[in-house]
Enquirer: 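To start, I am sharing the structure in question, which I have written as structure tokens.
None of these values were measured; they are calculated from a predicted model. Counting starts at 1 for both ligands and their atoms, following the listed order.
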Amino acid sequence: MLVLGIETSCDETAAAILDCSNEQPEILSEVISSQDDLHSLYGGVVPELASREHLRNLPLILNSALTKSGVVLGELSGIGVTRGPGLKGCLLVGVDFVKGLALSTGLPWIGVNHIEGHLHAAALDNIALKTPYLALVVSGGHTEIVKVETLGKYQIMARTIDDAAGEAFDKAANLLGLEYPGGAKLAGLADSVANSRYTLPKVMREIDDISFSGLKTAFSLLVQRTAEDAVREPQVIPELAFVMQEAIVSALIHKLNLAVQATGLSDVVVTGGVAANHRLRTAVGAMAGVRSWFPSPTHCTDNAAMIAHVAAKRLRAGMRDDYSLEVAPRWPVEEVQAL
Ligand code: KG4
Ligand code: ZN
């Protein structure tokens, strides 16, 4: 069963072709084009520019994925495309492209929830990972802890009510003068020192959900207070980065621990762009009684293999979409159809 996946929900244009004939899918090709350089000029993703870029790139990316896999369209069994959540204009480019492709080829296709893709991405790289497990999805656009019972059955244990974890990293990085997206750069600075003379309040201990707004304000005030020291002493910026990284990671670990206790689950998947963070990986790995799992770096960030993977399971269960399907820019993952 050969399945094509298409992902255009934010600022990555991606296509992947998977052979899903066996329990463990085989990735025949995957092509991802990131728009980071385009958006870094503006300090964040500009939706209109992102959708135009998808429109320009998608046919090229698909061609490249087909060529690399040696598969021709007629050999495919079906197509999966991200239907939401994401930026409306970006989702429209992907979904309309797939509608056209399905019309011309007669292939069955299905709209996939982007978060559902992330929830199962670790299975692409870890054959031993089995449901049920807890997944911490931490990216530039999402932050949620989800109980994954089986494919299609999800319970939200905690979700951000304001910024995503990646956004918190990026905004803190911006305050330190680092170029967008600055999360990884802030992490690099933080990892270059062993500790910090500064402190930040412990956040999120009183609320059920996840919120980074208090921490952001506290960090912004700390950066203002230390601005003169930072000019004199090069060590100040890395120490500020360190204390912020510790605060974000410790808040996430606190929430994960609560979810582990509430569910009794011991397998924890960490996924999304922020899963690249070394400190977070180490902290999850050190959680008592927890077995931690991570997708490969390519499958942590937005990619089309995770979309093809979920699409294959849904198509195999007989699920199909048709031309009346609309994009769903806000589509809570717990509302997807169970299999
Ligand atoms: O999943 P992703 O590639 O795409 C979006 O959701 O847009 O996640 C990107 C996010 C950005 O906010 C980026 O700064 C953050 O992940 N990120 C990191 C690290 N690497 C990427 N944040 C902290 N530490 C890192 N090492
Ligand atoms: Zn994502």
Enquirer: Using distance alone, with no hydrogens and no angle criterion, decide if His118 and Asp302 have a side-chain donor and acceptor under 3.5 Å apart.
Expert: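 Yes.
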Enquirer: Without hydrogens or angle criteria, can the side chains of Glu179 and Asn174 be said to hold a donor-acceptor pair below 3.5 Å?
Expert: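 Note: Glu179 and Asn174 side chains miss the donor-acceptor criterion.
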Enquirer: Just checking, any donor-acceptor pair under 3.5 angstrom between side chains of Thr226 and Glu228?
Expert: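 No donor-acceptor contact under 3.5 Å links the two side chains.
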Enquirer: If we only count N/O pairs under 3.5 Å, is Gly182 in contact with ligand 1?
Expert: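 No, Gly182 has no N/O under 3.5 Å of an N/O on ligand 1.
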Enquirer: List ligand 1 atoms under 4.0 Å from Gly166, heavy atoms only on the residue side.
Expert: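 Those atoms are 12 (O).
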Enquirer: Considering only N, O or S atoms, which atom of Asp302 is nearest to the Zn ion (ligand 2)?
Expert: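 Nearest N/O/S atom of Asp302: OD1.
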Enquirer: Check this for me: does any side-chain nitrogen of one of Arg83 and Glu116 sit under 4.0 Å from a carboxylate oxygen of the other?
Expert: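 The answer is no: the pair does not qualify as a salt bridge.
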Enquirer: Could you tell me, atom by atom, which parts of ligand 1 come under 4.0 Å of a heavy atom of Ser139?
Expert: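 Under 4.0 Å from Ser139, ligand 1 has these atoms: 1 (O), 6 (O), 8 (O).
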Enquirer: Using a distance threshold of 2.8 Å, state whether an N, O or S atom of His118 lies below it from the Zn ion (ligand 2).
Expert: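 Given the 2.8 Å cut-off, His118 counts as a ligand of the Zn ion (ligand 2).
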Enquirer: If I apply the N/O under 3.5 Å rule, does Gly183 come out as touching ligand 1?
Expert: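 Checking ligand 1 against Gly183, an N or O pair does fall under 3.5 Å apart.
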Enquirer: Under 4.0 Å between a side-chain nitrogen and a carboxylate oxygen: does that hold for Lys202 and Glu246?
Expert: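 Between Glu246 and Lys202 there is no salt bridge, as every charged N stays at least 4.0 Å from the carboxylate O atoms.
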Enquirer: Do the side chains of Asp191 and Arg279 get close enough for a salt bridge, i.e. N-O under 4.0 angstrom?
Expert: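 Looking at Arg279 together with Asp191, the answer is no, because their closest N to O distance does not fall below 4.0 Å.
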Enquirer: Looking at the Zn ion (ligand 2), is there an N, O or S atom belonging to His142 that lies under 2.8 Å away from it?
Expert: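 Under 2.8 Å: His142 has no N, O or S contact with the Zn ion (ligand 2).
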Enquirer: Closer than 4.0 Å to some heavy atom of Phe169 - which atoms of ligand 1 meet that?
Expert: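 So the atoms of ligand 1 that pass are 22 (N), 23 (C).
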Enquirer: Using a strict 4.0 Å threshold on nitrogen-to-oxygen distance, state whether Arg291 and Asp267 make a salt bridge.
Expert: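 Counted as a salt bridge, because a side-chain N and a carboxylate O are separated by less than 4.0 Å.
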Enquirer: Counting heavy atoms only, which of Gly44, Gly140, Ser34 comes nearest to atom 9 (C) of ligand 1?
Expert: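 Ranked by closest heavy atom to atom 9 (C) of ligand 1, first place is Gly140.
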Enquirer: Taking non-hydrogen atoms only, is Asp170 closer than 4.0 angstrom to ligand 1 via side chain, backbone, both or neither?
Expert: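 Only the side chain of Asp170 comes within reach of ligand 1.
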Enquirer: For the backbone of His278 and the side chain of Thr282, can you confirm whether one donor and one acceptor N or O come within less than 3.5 Å of each other?
Expert: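 The answer is yes, because a donor-acceptor pair under 3.5 Å joins these two groups.
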Enquirer: In terms of atom number and element, which parts of ligand 1 are under 4.0 angstrom from non-hydrogen atoms of Gly141?
Expert: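 Counting from 1, the qualifying ligand atoms are 6 (O).
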Enquirer: Which word best sums up how the rings of His120 and His309 line up, parallel for under 30°, tilted for 30 to 60°, or perpendicular for over 60°?
Expert: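 Ring orientation of His120 relative to His309: perpendicular.
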Enquirer: Measure Ala187 to ligand 1 on non-hydrogen atoms and call it side chain, backbone, both or neither using the 4.0 Å cut-off.
Expert: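 Side chain only.
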Enquirer: Suppose I only count heavy atoms of Thr301 and a 4.0 Å limit; which atoms of ligand 1 are within that range?
Expert: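 Per the distance check, 1 (O), 3 (O).
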